[in-house]
Number of protein chains: 2
Amino acid sequence: MHKQRHQVIIADDHPILLKGLHEFLADLGLEVIGAFHNGKDALDAIQDSQPPLAILDLEMPEMTGLEVAADCKKLGLKTRVILLTLHKELKFYQQAKELNISGYILKEFALNDLRKAVDTVLSGGEFFSEKLFEGLKKEDCLSDHSLTPSELKILRLIADGHSTKEIAEQLFISERTVDKHRSNIISKLNLEKKHNSLLIWAQNNKESLY
Amino acid sequence: MHKQRHQVIIADDHPILLKGLHEFLADLGLEVIGAFHNGKDALDAIQDSQPPLAILDLEMPEMTGLEVAADCKKLGLKTRVILLTLHKELKFYQQAKELNISGYILKEFALNDLRKAVDTVLSGGEFFSEKLFEGLKKEDCLSDHSLTPSELKILRLIADGHSTKEIAEQLFISERTVDKHRSNIISKLNLEKKHNSLLIWAQNNKESLY
DNA sequence: CCAAAAATAGGTATTTCTACGTATTGTCTT
DNA sequence: AAGACAATACGTAGAAATACCTATTTTTGG
């Protein structure tokens, strides 16, 4: 499968996972030229060696995998990036598409899937977990309900724990306007006609708002 | 360090982590006689082989690591259990102490710490991460504020999105009583004197209520 | 057993959230 | 240019959450 020893740099702040990843890639015949437990060190190494592939954890101290990928793009490096993540979250996926992210896979994935991702990306392709999209469609109700920019802005402020009054002050609009937006949001999200249902929804769906 | 080849059974639903754990224990000179990706299979294997040690993920499909440990105790097995977890959460630690849990470590831990835990537990000792306790004191405000059972019950219902009226009906008490409890909870938790601050707190701290 | 703590209940007042109206202005698309 | 949609704003009203009181009964710990 891998006739030449492709070089790869990896990073994950969980040492056990990093070791597992290292061993697995070695088994695949790849040459792991660097294994780091934070994003910063990984970026430095990628700049130095410019390997064809880097596999990075999304959540890491110093720099996230996404930030490293962004910097790689800025620097014009040819290194392709596969992100590892625990959660199937939309917000990152959207950003990932805008960067030079070539793969995005869940850590729960079977090793076979990881192998497939590595092969695909090294051949110039992309690999995004299907499960990611499943999750998205279910979790992200926003695109379906097509909230307007203002509604979204207000929803985020509600999620941050701000009251109507505070939101009005912050956005330099009338409280009534905020009220109206709230009302519209509730309709669009099909929430119960119950007090604080919007607040509760916002608190529990913070992640999908960004 | 490990002159006899101690046997161990491991389980984690993240394949990469499972592989890393497997390799690491092999490096330590342990004999991994079973590696599973769910709690049920691990329990079966533990029953069959009764190894001196099992290292289990806390969060797994079918059965959690804690449930497996509980069953081991019920069955009177001599197998000692080390739990692996991503989060430093008190709720599990408290339960863990009541079972035959011999170790409890965070996945972020350095491999050296894991080695130490394995050595300690195989020698008959216990190993609980210090960072666990740090986290507890900060995250778990409940024990500090010493909420009464009723207050806790009401707090849970608030976290479930119930209104004062609903809580009163559900508990067969007056709305005023619920009001009073809410008021006391707010005082004990030192929340802002702001509308819905209790609701927002409850929504964001659901996990620490159980 | 006695004292402290907790659970129960009520009164009054304020603030906030929400529903359901209407109406004006601007922008974007066809 | 016309029509649709979005953002803005206002009014009225009711439900809910919270604050700040008091007071009685139960439970529990020393």
Side-chain angles (χ1 to χ4, degrees), chain A residues 140-206 208-210, chain B residues 140-206 208-210:
Chain A
D140 182 69
C141 331
L142 296 182
S143 46
D144 302 339
H145 295 283
S146 63
L147 294 181
T148 66
S150 293
E151 285 162 354
L152 202 54
K153 203 190 307 167
I154 286 171
L155 196 45
R156 286 198 256 260
L157 289 168
I158 293 172
D160 283 342
H162 296 291
S163 70
T164 294
K165 195 177 207 170
E166 289 170 342
I167 294 171
E169 284 167 5
Q170 199 167 329
L171 299 181
F172 304 105
I173 57 179
S174 152
E175 289 183 42
R176 307 308 170 88
T177 306
V178 179
D179 279 344
K180 181 65 178 146
H181 284 307
R182 293 183 87 121
S183 182
N184 292 339
I185 293 168
I186 289 170
S187 301
K188 288 188 181 177
L189 294 179
N190 268 325
L191 299 181
E192 291 179 80
K193 293 197 172 184
K194 195 181 150 185
H195 257 73
N196 288 320
S197 56
L198 177 54
L199 179 56
I200 292 171
W201 188 92
Q203 292 300 316
N204 289 304
N205 294 79
K206 285 181 185 179
S208 35
L209 297 179
Y210 291 94
Chain B
D140 182 73
C141 331
L142 296 183
S143 47
D144 301 339
H145 295 284
S146 63
L147 294 182
T148 66
S150 292
E151 285 163 355
L152 201 55
K153 203 191 307 170
I154 284 171
L155 196 45
R156 287 199 256 260
L157 289 169
I158 294 172
D160 284 341
H162 295 290
S163 69
T164 294
K165 196 177 208 172
E166 289 171 342
I167 294 171
E169 284 166 6
Q170 199 168 328
L171 300 181
F172 304 105
I173 57 179
S174 152
E175 289 184 41
R176 305 308 169 88
T177 307
V178 179
D179 279 345
K180 180 63 178 149
H181 284 308
R182 292 184 89 122
S183 182
N184 292 339
I185 293 167
I186 290 170
S187 302
K188 288 187 181 177
L189 294 179
N190 269 323
L191 299 181
E192 289 180 81
K193 293 197 172 187
K194 196 181 151 187
H195 258 70
N196 289 321
S197 57
L198 176 54
L199 179 56
I200 291 171
W201 188 93
Q203 293 299 316
N204 288 305
N205 293 79
K206 285 180 184 181
S208 37
L209 297 178
Y210 292 96

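Below, all heavy atoms of this structure are taken into account, side chains as well, without hydrogens, waters or symmetry copies. Chain naming here is simple, since letters A, B, ... match the order of the sequence lines and numbering starts at 1 in each.
If you check C:dT8, C:dG10, C:dT18 against the side chain of B:Ser150, the one that comes closest is C:dT8. In the set C:dG21, C:dT16, C:dC17, C:dG21 carries the atom at the smallest distance from any side-chain atom of A:Lys180. Each of C:dT18, D:dA17, D:dC10 was ranked by its minimum atom distance to the side chain of A:Ser174; first place goes to D:dC10. In the set D:dT18, D:dA7, D:dA16, D:dT18 carries the atom at the smallest distance from any side-chain atom of B:Leu198. The side chain of A:Pro149 has D:dA7 as its nearest neighbour among D:dA17, D:dA7, C:dA9. Closest approach to the A:Ile173 side chain among D:dA9, C:dT16, C:dT8 is made by D:dA9 (side chain taken as heavy atoms from C-beta onward). Closest to the side chain of B:Ile186, out of D:dT18, D:dA7, C:dT15, is D:dT18.
As a whole-Å value, the separation of A:Glu192 CD from D:dA15 P is 17 Å. The CD1-P distance, from B:Ile167 to C:dA7, rounds to 14 Å in whole Å. Between A:Glu151 atom CD and D:dA6 atom C1' there is a gap of 8 Å when expressed in whole angstrom units. Per the geometry, CD belonging to A:Glu175 stands 16 Å off P belonging to D:dT12, to the nearest Å. One atom, CD1 of A:Ile154, and another, P of D:dA9, lie 10 Å apart when rounded to the nearest Å.
With hydrogens and angles ignored, no donor-acceptor pair closer than 3.5 Å exists between the side chain of B:His195 and the base of D:dT18.
One finds the CD1 atom of A:Ile167 at 10.5 Å from the CD atom of A:Glu169 (value rounded to the nearest 0.5 Å).
One finds a side-chain N or O of A:His181 lying less than 4.0 angstrom from the OP1 or OP2 phosphate oxygen of D:dT8. Between A:Thr148 and D:dA7 there is a side-chain N or O to OP1 or OP2 distance below 4.0 Å. One finds no side-chain N or O of A:Ser163 lying less than 4.0 angstrom from the OP1 or OP2 phosphate oxygen of C:dT16. Between A:Lys193 and C:dC20 there is a side-chain polar atom (N or O) within less than 4.0 angstrom of OP1 or OP2. Here B:Ser183 does not reach the OP1 or OP2 of D:dC20: none of its side-chain N or O atoms lies under 4.0 Å away. Considering only side-chain N and O atoms, A:Thr164 lies under 4.0 angstrom from the phosphate OP1 or OP2 of C:dC17.
The shortest non-hydrogen separation linking A:Ala202 to A:Ile158 is CB-CG2, 3.7 Å. Residues A:Gln203 and A:Ala159 approach most closely at NE2-O, 3.1 Å, considering heavy atoms.
Within 4.0 Å (heavy atoms only), A:Asn184 reaches no atom of the nucleic acid at all. Within the nucleic acid shown, A:Thr177 comes within 4.0 Å of at least one base atom, counting heavy atoms only.
Enclosure of atom CD in B:Gln170 by more than 12 non-hydrogen atoms of other residues, nucleotides or ligands within 6.0 angstrom is indicated.
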